Amino acid sequence: MRFRIFTYLIALLVAVGCSTNDDGGTQPSSKFGTLHFGEEQIPVNMAKVTNSEDWLLVVISPLTDASHLTTNAIIGLKRELLGGEVDITHKYCNADYIIVYEDPQCYYAPFRPLQSGTITMEMVGNSLSVEADVVLFDGTPLRYSHESLPME
């Protein structure tokens, strides 16, 4: 009996967490697009933009509780690099850009330079357009794009 209830709860959670796309398949539901990490497609349900004097940082996560983020990514650029495509092979890790990825199984620290890729961030009114298509230090691809993340 317990196994049947457990199976029912899992099926219910899977059904609630997915939406149907145009071709009849299912994809994870998300509020702020999808983060592509390796072969995984992770729905982004929380996006927080931090706008400081020197940096623009975006924290994205499939979770909605910002105080308990066990899975998240951070994408950041120095303010003077905003508005254009930044080829990270010509910039310095932690001096010009920051990329962090963390989940319960792995952690990609900000001090590890990326292999290749580009980051673009542009402020448009009270929102931020962000596009990151990079290869992490170990060859894992990480991609995220969204045209209008709210700025606080």
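Bear in mind the structure is a predicted one, so any value in this text is a computation, not a measurement.
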Compute whether any side-chain donor of one residue and acceptor of the other, for Y92 and N94, lie under 3.5 angstrom apart.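 Short answer, no.
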With heavy-atom distances below 4.5 Å as the criterion, would you say the side chains of [X] and [Y] are in contact?
| X | Y | value |
| --- | --- | --- |
| N51 | M123 | yes |
| I42 | V44 | no |
| V49 | L57 | no |
| V58 | L128 | yes |
| P150 | F32 | yes |
| L56 | T50 | no |
| D103 | T70 | no |
| D133 | Y144 | no |

Spell out, yes or no, whether [X] and [Y] are grouped together once hydrophobic residues are joined by side-chain heavy atoms under 4.5 Å, including indirect joins.
| X | Y | answer |
| --- | --- | --- |
| V135 | I74 | no |
| L149 | L63 | no |
| V100 | L69 | yes |
| W55 | I99 | no |

Please set out all donor-acceptor pairs under 3.5 angstrom arising from side-chain atoms of residues 105-119, sequence neighbours excluded.
residue: Y108; atom: OH; partner: D138; partner atom: OD2; Å: 2.7
residue: Y108; atom: OH; partner: T140; partner atom: OG1; Å: 3.4
residue: Q115; atom: NE2; partner: F137; partner atom: O; Å: 2.9

Sub-3.5 Å donor-acceptor pair from the side chain of T34 to the main-chain atoms of P43, do we have one?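 Such a contact is absent between T34 side chain and P43 backbone.
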N45 (side chain) donor-acceptor with K31 (main chain) under 3.5 angstrom: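 Checking the backbone N and O of K31 against the side chain of N45, a donor-acceptor pair under 3.5 Å is found.
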Can you give me every donor-acceptor pair (side chain of residues 81-89, partner residue at least two apart or in another chain, under 3.5 Å) with its distance?
residue: D87; atom: OD1; partner: T89; partner atom: N; Å: 3.0
residue: D87; atom: OD1; partner: T89; partner atom: OG1; Å: 2.6
residue: D87; atom: OD2; partner: T89; partner atom: OG1; Å: 3.3

In this structure, are over 12 heavy atoms from other groups packed under 6.0 Å from E39 atom CD?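 Not more than 12 within 6.0 Å, no.
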Could you check whether atom CG of D54 has more than 12 heavy atoms from other residues, nucleotides or ligands sitting under 6.0 Å from it?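 Yes, enclosed.
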CE-OG distance between M46 and S30, expressed to the nearest 0.5 angstrom: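 Those atoms lie 13.5 Å apart.
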